[in-house]
2 protein chains.
Amino acid sequence: MHGKHASSFHENISKIRTLIVQAALEPGDRLPSERELAETLSISRASVREALRALSFLGIVETRHGGGTFLCEQDRHRYIEILSEFIVTKQTKASDIVDMLRLLERLALTEVEPTPERVALLEANVQTDRAFRQHLIFGLKNELFVRIWSEVNRFYDGTEAGDLYTEDERRRLLEMWRGAGMPE
Amino acid sequence: MHGKHASSFHENISKIRTLIVQAALEPGDRLPSERELAETLSISRASVREALRALSFLGIVETRHGGGTFLCEQDRHRYIEILSEFIVTKQTKASDIVDMLRLLERLALTEVEPTPERVALLEANVQTDRAFRQHLIFGLKNELFVRIWSEVNRFYDGTEAGDLYTEDERRRLLEMWRGAGMPE
DNA sequence: TTCTCTAAAGTGGTCAGACCAATTAAACAG
DNA sequence: CTGTTTAATTGGTCTGACCACTTTAGAGAA
(Lines give C-alpha, C1' and ligand atoms only; values in the text may rest on other atoms or scores of the structure.)
Protein backbone atom coordinates (compact mmCIF):
# COMPACT_ATOMS: atom_id res chain seq x y z
CA MET A 1 0.00 0.00 0.00
CA HIS A 2 1.18 3.49 -0.46
CA GLY A 3 -1.29 5.96 0.98
CA LYS A 4 -0.36 8.55 -1.58
CA HIS A 5 -2.87 11.12 -2.73
CA ALA A 6 -2.93 12.56 0.73
CA SER A 7 -4.12 15.75 -0.86
CA SER A 8 -7.70 16.81 -1.29
CA PHE A 9 -9.29 19.70 -3.05
CA HIS A 10 -10.03 21.71 0.07
CA GLU A 11 -6.66 20.95 1.57
CA ASN A 12 -4.97 22.26 -1.54
CA ILE A 13 -6.89 25.49 -1.32
CA SER A 14 -5.88 25.71 2.29
CA LYS A 15 -2.25 25.09 1.42
CA ILE A 16 -2.20 27.86 -1.11
CA ARG A 17 -3.91 30.29 1.20
CA THR A 18 -1.41 29.43 3.91
CA LEU A 19 1.40 29.99 1.48
CA ILE A 20 -0.02 33.37 0.59
CA VAL A 21 -0.09 34.34 4.24
CA GLN A 22 3.35 33.00 5.06
CA ALA A 23 4.87 34.73 2.08
CA ALA A 24 3.23 37.91 3.33
CA LEU A 25 1.80 38.58 -0.09
CA GLU A 26 -0.15 41.76 -0.46
CA PRO A 27 -2.98 42.56 -2.84
CA GLY A 28 -1.56 42.91 -6.32
CA ASP A 29 1.47 40.72 -5.66
CA ARG A 30 2.17 37.79 -7.92
CA LEU A 31 1.98 34.25 -6.67
CA PRO A 32 4.58 31.65 -7.62
CA SER A 33 3.90 30.04 -10.97
CA GLU A 34 1.65 27.02 -11.16
CA ARG A 35 4.59 24.76 -11.85
CA GLU A 36 6.46 26.16 -8.89
CA LEU A 37 3.45 25.81 -6.63
CA ALA A 38 3.02 22.23 -7.73
CA GLU A 39 6.55 21.39 -6.75
CA THR A 40 6.49 23.34 -3.51
CA LEU A 41 3.23 21.81 -2.34
CA SER A 42 4.06 18.37 -3.72
CA ILE A 43 0.87 18.15 -5.73
CA SER A 44 0.26 17.98 -9.44
CA ARG A 45 -0.15 21.05 -11.54
CA ALA A 46 -3.69 20.00 -12.39
CA SER A 47 -4.58 20.07 -8.72
CA VAL A 48 -2.92 23.43 -8.32
CA ARG A 49 -5.00 24.69 -11.20
CA GLU A 50 -8.27 23.43 -9.76
CA ALA A 51 -7.47 25.06 -6.45
CA LEU A 52 -6.46 28.31 -8.14
CA ARG A 53 -9.61 28.25 -10.23
CA ALA A 54 -11.64 27.96 -7.07
CA LEU A 55 -9.72 30.80 -5.46
CA SER A 56 -10.26 32.79 -8.60
CA PHE A 57 -13.94 32.09 -8.52
CA LEU A 58 -14.05 33.21 -4.92
CA GLY A 59 -12.27 36.37 -5.92
CA ILE A 60 -9.16 35.76 -3.87
CA VAL A 61 -6.88 35.39 -6.83
CA GLU A 62 -6.77 36.60 -10.41
CA THR A 63 -4.99 34.91 -13.29
CA ARG A 64 -3.59 36.54 -16.41
CA HIS A 65 -2.73 34.36 -19.36
CA GLY A 66 1.01 34.46 -19.82
CA GLY A 67 1.41 36.94 -17.01
CA GLY A 68 0.90 35.03 -13.81
CA THR A 69 -1.47 34.68 -10.88
CA PHE A 70 -2.05 37.67 -8.67
CA LEU A 71 -3.55 38.29 -5.28
CA CYS A 72 -6.77 40.28 -5.46
CA GLU A 73 -7.82 43.08 -3.22
CA GLN A 74 -9.06 41.14 -0.23
CA ASP A 75 -12.06 43.21 0.46
CA ARG A 76 -15.18 42.23 2.21
CA HIS A 77 -18.18 42.47 0.04
CA ARG A 78 -21.71 42.99 1.05
CA TYR A 79 -23.40 42.13 -2.15
CA ILE A 80 -24.02 38.54 -1.17
CA GLU A 81 -25.61 39.67 2.04
CA ILE A 82 -27.92 41.73 -0.03
CA LEU A 83 -29.01 38.82 -2.09
CA SER A 84 -29.46 36.58 0.89
CA GLU A 85 -31.46 39.26 2.62
CA PHE A 86 -33.76 39.77 -0.28
CA ILE A 87 -34.17 36.06 -0.63
CA VAL A 88 -34.83 35.40 3.03
CA THR A 89 -37.23 38.23 3.50
CA LYS A 90 -38.55 37.62 0.02
CA GLN A 91 -40.25 40.92 0.13
CA THR A 92 -39.24 41.33 -3.40
CA LYS A 93 -41.94 41.58 -5.97
CA ALA A 94 -41.98 38.78 -8.50
CA SER A 95 -42.23 41.39 -11.20
CA ASP A 96 -38.97 42.89 -10.02
CA ILE A 97 -37.26 39.55 -10.42
CA VAL A 98 -38.48 39.28 -13.96
CA ASP A 99 -37.45 42.84 -14.72
CA MET A 100 -34.04 42.23 -13.22
CA LEU A 101 -33.40 39.18 -15.34
CA ARG A 102 -34.57 40.89 -18.49
CA LEU A 103 -32.36 43.86 -17.78
CA LEU A 104 -29.29 41.78 -17.09
CA GLU A 105 -29.78 39.66 -20.15
CA ARG A 106 -30.44 42.62 -22.35
CA LEU A 107 -27.29 44.15 -20.96
CA ALA A 108 -25.36 41.09 -21.99
CA LEU A 109 -26.55 41.62 -25.53
CA THR A 110 -25.17 45.13 -25.59
CA GLU A 111 -21.86 44.27 -23.98
CA VAL A 112 -20.91 41.04 -25.69
CA GLU A 113 -19.54 41.10 -29.19
CA PRO A 114 -21.75 39.15 -31.63
CA THR A 115 -19.09 36.91 -33.12
CA PRO A 116 -20.25 34.30 -35.63
CA GLU A 117 -19.63 31.52 -33.11
CA ARG A 118 -21.68 33.20 -30.41
CA VAL A 119 -24.48 33.98 -32.79
CA ALA A 120 -24.53 30.40 -33.97
CA LEU A 121 -24.54 29.17 -30.40
CA LEU A 122 -27.53 31.28 -29.48
CA GLU A 123 -29.27 30.40 -32.69
CA ALA A 124 -28.92 26.72 -31.87
CA ASN A 125 -30.53 27.32 -28.51
CA VAL A 126 -33.20 29.78 -29.49
CA GLN A 127 -35.93 27.22 -28.97
CA THR A 128 -35.25 26.77 -25.27
CA ASP A 129 -35.78 29.76 -23.07
CA ARG A 130 -33.47 28.82 -20.27
CA ALA A 131 -30.64 27.59 -22.46
CA PHE A 132 -30.84 30.72 -24.54
CA ARG A 133 -30.59 32.98 -21.53
CA GLN A 134 -27.75 31.02 -20.02
CA HIS A 135 -25.64 31.30 -23.11
CA LEU A 136 -26.41 34.96 -23.18
CA ILE A 137 -25.16 35.53 -19.65
CA PHE A 138 -22.11 33.34 -19.82
CA GLY A 139 -20.92 35.44 -22.71
CA LEU A 140 -20.00 38.04 -20.12
CA LYS A 141 -16.67 37.39 -18.50
CA ASN A 142 -17.58 38.97 -15.20
CA GLU A 143 -17.90 36.24 -12.61
CA LEU A 144 -19.66 38.41 -10.10
CA PHE A 145 -22.23 39.14 -12.72
CA VAL A 146 -22.68 35.47 -13.49
CA ARG A 147 -23.07 34.69 -9.82
CA ILE A 148 -25.69 37.31 -9.23
CA TRP A 149 -27.57 36.27 -12.33
CA SER A 150 -27.40 32.64 -11.21
CA GLU A 151 -28.88 33.40 -7.85
CA VAL A 152 -31.60 35.65 -9.13
CA ASN A 153 -32.43 33.16 -11.83
CA ARG A 154 -32.53 30.30 -9.38
CA PHE A 155 -35.05 32.26 -7.42
CA TYR A 156 -37.00 32.77 -10.56
CA ASP A 157 -36.93 29.07 -11.33
CA GLY A 158 -38.34 28.45 -7.89
CA THR A 159 -41.44 30.37 -8.84
CA GLU A 160 -42.21 27.96 -11.67
CA ALA A 161 -43.17 30.92 -13.73
CA GLY A 162 -42.41 29.38 -17.10
CA ASP A 163 -40.49 31.01 -19.90
CA LEU A 164 -39.17 34.51 -19.59
CA TYR A 165 -39.33 35.17 -23.32
CA THR A 166 -41.41 33.74 -26.12
CA GLU A 167 -39.53 32.19 -28.98
CA ASP A 168 -40.44 35.16 -31.14
CA GLU A 169 -38.92 37.50 -28.59
CA ARG A 170 -35.77 35.46 -28.46
CA ARG A 171 -35.45 35.53 -32.22
CA ARG A 172 -36.00 39.25 -32.24
CA LEU A 173 -33.35 39.77 -29.57
CA LEU A 174 -30.98 37.67 -31.60
CA GLU A 175 -31.63 39.71 -34.72
CA MET A 176 -31.20 42.96 -32.88
CA TRP A 177 -27.92 41.74 -31.44
CA ARG A 178 -26.54 40.61 -34.75
CA GLY A 179 -27.60 43.85 -36.34
CA ALA A 180 -26.03 46.02 -33.66
CA GLY A 181 -22.45 44.98 -34.35
CA MET A 182 -20.25 47.82 -33.22
CA PRO A 183 -20.66 50.27 -30.32
CA GLU A 184 -19.24 53.80 -30.22
CA MET B 1 -2.60 15.14 -32.12
CA HIS B 2 -3.21 18.24 -30.10
CA GLY B 3 -4.76 20.64 -32.55
CA LYS B 4 -7.37 23.25 -31.77
CA HIS B 5 -8.23 24.88 -28.48
CA ALA B 6 -11.60 26.20 -29.44
CA SER B 7 -12.95 25.87 -25.92
CA SER B 8 -12.89 28.34 -23.08
CA PHE B 9 -13.79 28.09 -19.44
CA HIS B 10 -17.01 30.05 -19.65
CA GLU B 11 -18.12 28.40 -22.84
CA ASN B 12 -17.64 25.01 -21.28
CA ILE B 13 -19.82 25.93 -18.32
CA SER B 14 -22.40 27.13 -20.76
CA LYS B 15 -22.24 23.91 -22.74
CA ILE B 16 -22.78 21.76 -19.69
CA ARG B 17 -25.67 23.84 -18.44
CA THR B 18 -27.27 23.64 -21.84
CA LEU B 19 -26.83 19.92 -21.85
CA ILE B 20 -28.50 19.70 -18.46
CA VAL B 21 -31.48 21.63 -19.72
CA GLN B 22 -31.77 19.83 -23.01
CA ALA B 23 -31.57 16.46 -21.31
CA ALA B 24 -34.41 17.65 -19.08
CA LEU B 25 -32.51 16.62 -15.99
CA GLU B 26 -34.32 17.12 -12.72
CA PRO B 27 -32.84 17.76 -9.27
CA GLY B 28 -31.22 14.59 -8.02
CA ASP B 29 -30.61 13.17 -11.49
CA ARG B 30 -27.16 12.07 -12.46
CA LEU B 31 -25.23 13.79 -15.19
CA PRO B 32 -23.24 11.88 -17.79
CA SER B 33 -19.80 10.87 -16.57
CA GLU B 34 -16.90 13.24 -17.00
CA ARG B 35 -15.44 11.08 -19.72
CA GLU B 36 -18.74 10.99 -21.53
CA LEU B 37 -19.17 14.74 -21.23
CA ALA B 38 -15.68 15.27 -22.54
CA GLU B 39 -16.41 13.25 -25.64
CA THR B 40 -19.87 14.72 -26.18
CA LEU B 41 -18.67 18.31 -25.86
CA SER B 42 -15.39 17.68 -27.67
CA ILE B 43 -13.28 19.06 -24.85
CA SER B 44 -10.75 17.45 -22.59
CA ARG B 45 -11.76 15.85 -19.35
CA ALA B 46 -9.62 18.36 -17.46
CA SER B 47 -11.71 21.17 -18.90
CA VAL B 48 -14.90 19.33 -18.07
CA ARG B 49 -13.70 19.01 -14.52
CA GLU B 50 -12.89 22.70 -14.19
CA ALA B 51 -16.32 23.60 -15.50
CA LEU B 52 -18.02 21.12 -13.18
CA ARG B 53 -16.09 22.54 -10.28
CA ALA B 54 -17.43 25.95 -11.08
CA LEU B 55 -20.98 24.65 -11.35
CA SER B 56 -20.42 22.98 -8.04
CA PHE B 57 -19.51 26.34 -6.57
CA LEU B 58 -22.63 27.84 -8.00
CA GLY B 59 -24.60 25.16 -6.21
CA ILE B 60 -25.94 23.74 -9.43
CA VAL B 61 -24.15 20.45 -9.32
CA GLU B 62 -22.80 18.04 -6.70
CA THR B 63 -20.10 15.40 -7.17
CA ARG B 64 -19.71 12.13 -5.28
CA HIS B 65 -16.43 10.27 -5.52
CA GLY B 66 -17.05 7.07 -7.38
CA GLY B 67 -20.74 7.76 -7.60
CA GLY B 68 -21.13 10.42 -10.20
CA THR B 69 -22.18 14.04 -10.64
CA PHE B 70 -25.70 15.00 -9.70
CA LEU B 71 -27.98 17.93 -10.22
CA CYS B 72 -28.57 19.66 -6.91
CA GLU B 73 -31.90 19.94 -5.19
CA GLN B 74 -32.91 23.47 -5.82
CA ASP B 75 -34.97 24.07 -2.73
CA ARG B 76 -34.68 27.11 -0.56
CA HIS B 77 -32.52 25.53 2.09
CA ARG B 78 -29.79 24.55 -0.28
CA TYR B 79 -29.82 27.98 -1.71
CA ILE B 80 -29.45 29.78 1.56
CA GLU B 81 -26.67 27.39 2.35
CA ILE B 82 -24.80 28.40 -0.75
CA LEU B 83 -25.23 32.05 -0.05
CA SER B 84 -24.04 31.67 3.49
CA GLU B 85 -21.00 29.88 2.20
CA PHE B 86 -20.29 32.78 -0.08
CA ILE B 87 -20.75 35.13 2.83
CA VAL B 88 -18.26 33.20 4.91
CA THR B 89 -15.63 33.22 2.25
CA LYS B 90 -16.53 36.79 1.39
CA GLN B 91 -14.04 37.33 -1.34
CA THR B 92 -14.64 39.02 -4.62
CA LYS B 93 -12.48 40.58 -7.22
CA ALA B 94 -12.47 44.32 -6.98
CA SER B 95 -12.23 44.50 -10.74
CA ASP B 96 -15.48 42.59 -10.99
CA ILE B 97 -17.14 45.09 -8.71
CA VAL B 98 -16.01 47.92 -10.92
CA ASP B 99 -17.08 46.09 -14.04
CA MET B 100 -20.44 45.35 -12.49
CA LEU B 101 -21.10 48.97 -11.63
CA ARG B 102 -20.08 50.17 -15.05
CA LEU B 103 -22.26 47.59 -16.70
CA LEU B 104 -25.28 48.40 -14.59
CA GLU B 105 -24.88 52.11 -15.12
CA ARG B 106 -24.39 51.73 -18.80
CA LEU B 107 -27.49 49.61 -18.87
CA ALA B 108 -29.42 52.38 -17.17
CA LEU B 109 -28.43 54.70 -19.98
CA THR B 110 -29.86 52.36 -22.56
CA GLU B 111 -33.04 51.60 -20.68
CA VAL B 112 -34.07 54.99 -19.36
CA GLU B 113 -35.63 57.53 -21.63
CA PRO B 114 -33.60 60.74 -21.86
CA THR B 115 -36.35 63.20 -21.07
CA PRO B 116 -35.35 66.86 -20.84
CA GLU B 117 -35.81 66.82 -17.07
CA ARG B 118 -33.57 63.79 -16.61
CA VAL B 119 -30.92 65.18 -18.90
CA ALA B 120 -30.97 68.44 -16.98
CA LEU B 121 -30.70 66.58 -13.70
CA LEU B 122 -27.68 64.63 -14.81
CA GLU B 123 -26.13 67.70 -16.33
CA ALA B 124 -26.42 69.48 -13.02
CA ASN B 125 -24.59 66.63 -11.31
CA VAL B 126 -22.01 65.86 -13.91
CA GLN B 127 -19.22 67.24 -11.77
CA THR B 128 -19.69 64.73 -8.97
CA ASP B 129 -19.05 61.13 -9.81
CA ARG B 130 -21.16 59.60 -7.11
CA ALA B 131 -24.16 61.89 -7.55
CA PHE B 132 -24.08 61.43 -11.29
CA ARG B 133 -24.14 57.68 -11.09
CA GLN B 134 -26.81 57.64 -8.45
CA HIS B 135 -29.17 59.76 -10.51
CA LEU B 136 -28.42 57.49 -13.41
CA ILE B 137 -29.46 54.38 -11.54
CA PHE B 138 -32.50 55.86 -9.86
CA GLY B 139 -33.90 56.46 -13.27
CA LEU B 140 -34.65 52.77 -13.35
CA LYS B 141 -37.87 51.87 -11.66
CA ASN B 142 -36.81 48.41 -10.58
CA GLU B 143 -36.40 48.31 -6.82
CA LEU B 144 -34.35 45.17 -6.78
CA PHE B 145 -32.01 46.66 -9.31
CA VAL B 146 -31.55 49.83 -7.34
CA ARG B 147 -31.03 47.86 -4.19
CA ILE B 148 -28.35 45.67 -5.63
CA TRP B 149 -26.63 48.62 -7.20
CA SER B 150 -26.73 50.45 -3.89
CA GLU B 151 -25.12 47.64 -1.99
CA VAL B 152 -22.49 46.90 -4.58
CA ASN B 153 -21.72 50.57 -4.77
CA ARG B 154 -21.50 50.88 -1.01
CA PHE B 155 -18.87 48.22 -1.10
CA TYR B 156 -17.09 50.09 -3.81
CA ASP B 157 -17.13 53.22 -1.71
CA GLY B 158 -15.55 51.22 1.07
CA THR B 159 -12.54 50.58 -1.08
CA GLU B 160 -11.79 54.29 -1.34
CA ALA B 161 -11.00 53.71 -4.94
CA GLY B 162 -11.90 57.19 -6.07
CA ASP B 163 -14.10 58.08 -9.00
CA LEU B 164 -15.45 55.46 -11.32
CA TYR B 165 -15.51 57.84 -14.28
CA THR B 166 -13.62 60.97 -15.11
CA GLU B 167 -15.65 64.09 -15.72
CA ASP B 168 -14.93 63.80 -19.41
CA GLU B 169 -16.30 60.29 -19.42
CA ARG B 170 -19.42 61.43 -17.64
CA ARG B 171 -19.97 64.17 -20.15
CA ARG B 172 -19.45 61.78 -22.98
CA LEU B 173 -21.92 59.31 -21.50
CA LEU B 174 -24.40 62.11 -21.17
CA GLU B 175 -23.95 63.12 -24.78
CA MET B 176 -24.28 59.57 -25.96
CA TRP B 177 -27.43 59.17 -23.96
CA ARG B 178 -29.01 62.34 -25.23
CA GLY B 179 -28.04 61.44 -28.75
CA ALA B 180 -29.48 57.97 -28.57
CA GLY B 181 -32.96 59.24 -27.97
CA MET B 182 -35.48 56.74 -29.11
CA PRO B 183 -35.54 52.95 -28.76
CA GLU B 184 -37.79 50.76 -30.93
C1' DT C 1 -34.89 -19.57 -5.23
C1' DT C 2 -32.83 -16.27 -2.10
C1' DC C 3 -29.23 -14.28 0.13
C1' DT C 4 -24.39 -13.01 0.82
C1' DC C 5 -20.14 -12.00 -0.66
C1' DT C 6 -16.75 -11.07 -3.99
C1' DA C 7 -14.89 -9.46 -8.30
C1' DA C 8 -15.45 -6.45 -12.08
C1' DA C 9 -16.99 -2.38 -14.17
C1' DG C 10 -17.97 2.48 -13.74
C1' DT C 11 -16.83 7.10 -12.03
C1' DG C 12 -14.63 10.89 -9.77
C1' DG C 13 -9.70 12.29 -8.11
C1' DT C 14 -4.94 12.74 -9.07
C1' DC C 15 -0.81 12.61 -11.62
C1' DA C 16 2.64 13.17 -15.39
C1' DG C 17 4.26 15.12 -19.59
C1' DA C 18 3.49 17.53 -23.69
C1' DC C 19 2.17 21.41 -26.65
C1' DC C 20 -0.39 25.91 -27.49
C1' DA C 21 -1.13 30.92 -26.51
C1' DA C 22 -0.16 35.15 -24.29
C1' DT C 23 2.89 37.83 -21.69
C1' DT C 24 7.20 39.33 -20.07
C1' DA C 25 12.10 39.90 -20.00
C1' DA C 26 16.35 39.81 -22.32
C1' DA C 27 19.20 40.44 -26.37
C1' DC C 28 20.00 43.17 -30.15
C1' DA C 29 20.37 46.77 -33.75
C1' DG C 30 19.79 51.65 -34.62
C1' DC D 1 19.01 55.54 -24.95
C1' DT D 2 15.07 53.82 -28.01
C1' DG D 3 12.63 50.69 -30.52
C1' DT D 4 12.57 45.88 -32.39
C1' DT D 5 13.25 41.14 -32.24
C1' DT D 6 14.02 36.98 -29.86
C1' DA D 7 13.97 33.89 -26.08
C1' DA D 8 12.21 32.56 -21.62
C1' DT D 9 8.29 32.53 -18.53
C1' DT D 10 3.61 31.49 -17.45
C1' DG D 11 -1.19 30.33 -17.78
C1' DG D 12 -4.46 27.27 -20.83
C1' DT D 13 -5.52 22.94 -22.86
C1' DC D 14 -4.95 18.15 -24.22
C1' DT D 15 -3.87 13.24 -23.73
C1' DG D 16 -3.43 9.11 -21.36
C1' DA D 17 -2.59 6.72 -17.36
C1' DC D 18 -3.35 5.15 -12.60
C1' DC D 19 -5.58 5.54 -7.88
C1' DA D 20 -9.75 5.56 -4.70
C1' DC D 21 -14.41 5.00 -4.05
C1' DT D 22 -19.08 3.30 -5.49
C1' DT D 23 -22.15 0.59 -7.79
C1' DT D 24 -23.40 -3.40 -10.04
C1' DA D 25 -23.41 -8.08 -11.63
C1' DG D 26 -22.28 -12.56 -11.03
C1' DA D 27 -20.62 -16.58 -8.42
C1' DG D 28 -21.36 -19.34 -4.67
C1' DA D 29 -23.58 -20.88 -0.34
C1' DA D 30 -27.84 -21.35 2.30
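All figures in this text were calculated on a predicted structure; none of them were measured in a lab. Labels below follow one simple rule: chain letters A, B, ... track the order of the sequence lines, proteins then strands, and each chain is numbered from 1.
- Atom C1' of nucleotide C:dG12 and atom CG of B:Leu55 are separated by 15 Å, given to the nearest angstrom.
- In this structure, CD of B:Glu62 is placed 13 Å from P of D:dT22, rounded to the nearest angstrom.
- Between A:Ile43 atom CD1 and D:dC18 atom P there is a gap of 22 Å when expressed in whole angstrom units.
- Listed for the A:Asp29 side chain is a donor-acceptor partner under 3.5 Å among the backbone atoms of A:Glu26.
- Under the 4.0 Å criterion applied to side-chain N and carboxylate O atoms, A:Arg178 and A:Glu123 are assigned as salt-bridge partners.
- In terms of modelled atom types and a separation under 3.5 Å, the side chain of A:Arg170 and the main chain of A:Asn125 share no donor-acceptor contact.
- Taking only side-chain nitrogens and oxygens, B:Ser47 comes nearer than 4.0 Å to OP1 or OP2 of D:dC14.
- In this structure, the side chain to side chain contact (heavy atoms under 4.5 Å, CB included) partners of A:Ala46, at least two apart in sequence or on a different chain, are A:Ser44.
- D:dC19 atom C1' lies 13 Å from atom CZ of B:Arg49, rounded to whole Å.
- In this structure, the CG atom of A:Leu37 is 17 Å from the C1' atom of C:dT14, given to the nearest Å.
- The side chain to side chain contact (heavy atoms under 4.5 Å, CB included) test applied to A:Thr40 returns A:Leu19, A:Glu36, not counting sequence neighbours.
- With sequence neighbours excluded, the residues forming a side chain to side chain contact (heavy atoms under 4.5 Å, CB included) with A:Glu169 are A:Arg102, A:Tyr165, A:Thr166, A:Arg172, listed by chain and number.
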Pair pattern of DNA chain D in dot-bracket, where unpaired bases get dots and | marks partners in another strand, Watson-Crick or G-U under 3.5 angstrom: ||||||||||||||||||||||||||||||

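- Nucleotide C:dT14 holds its P atom 13 Å from the CD atom of B:Glu50, rounded to whole Å.
- Atom CZ in A:Phe70 sits about 16 Å away from atom P in D:dT9, given to the nearest Å.
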When you compare the protein's N or O atoms with those of nucleotides 8-11 of chain C, which come within less than 3.5 Å of each other, and at what distance?
{"residue": "C:dG10", "atom": "N2", "partner": "B:Gly66", "partner atom": "O", "Å": "3.2"}

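- Side chain A:Arg45 to base D:dG12: a donor-acceptor pair is found below 3.5 Å.
- Taking a cutoff of 4.0 Å between a charged side-chain nitrogen and a carboxylate oxygen, A:Glu39 and A:Arg35 do not qualify as a salt bridge.
- Every residue two or more places apart in sequence or in another chain that forms a side chain to side chain contact (heavy atoms under 4.5 Å, CB included) with B:Glu50 is listed here: A:Arg49, A:Arg53, B:Phe9.
- Distance alone, capped at 3.5 Å, places no donor-acceptor pair between the B:Arg171 side chain and the B:Gln127 backbone.
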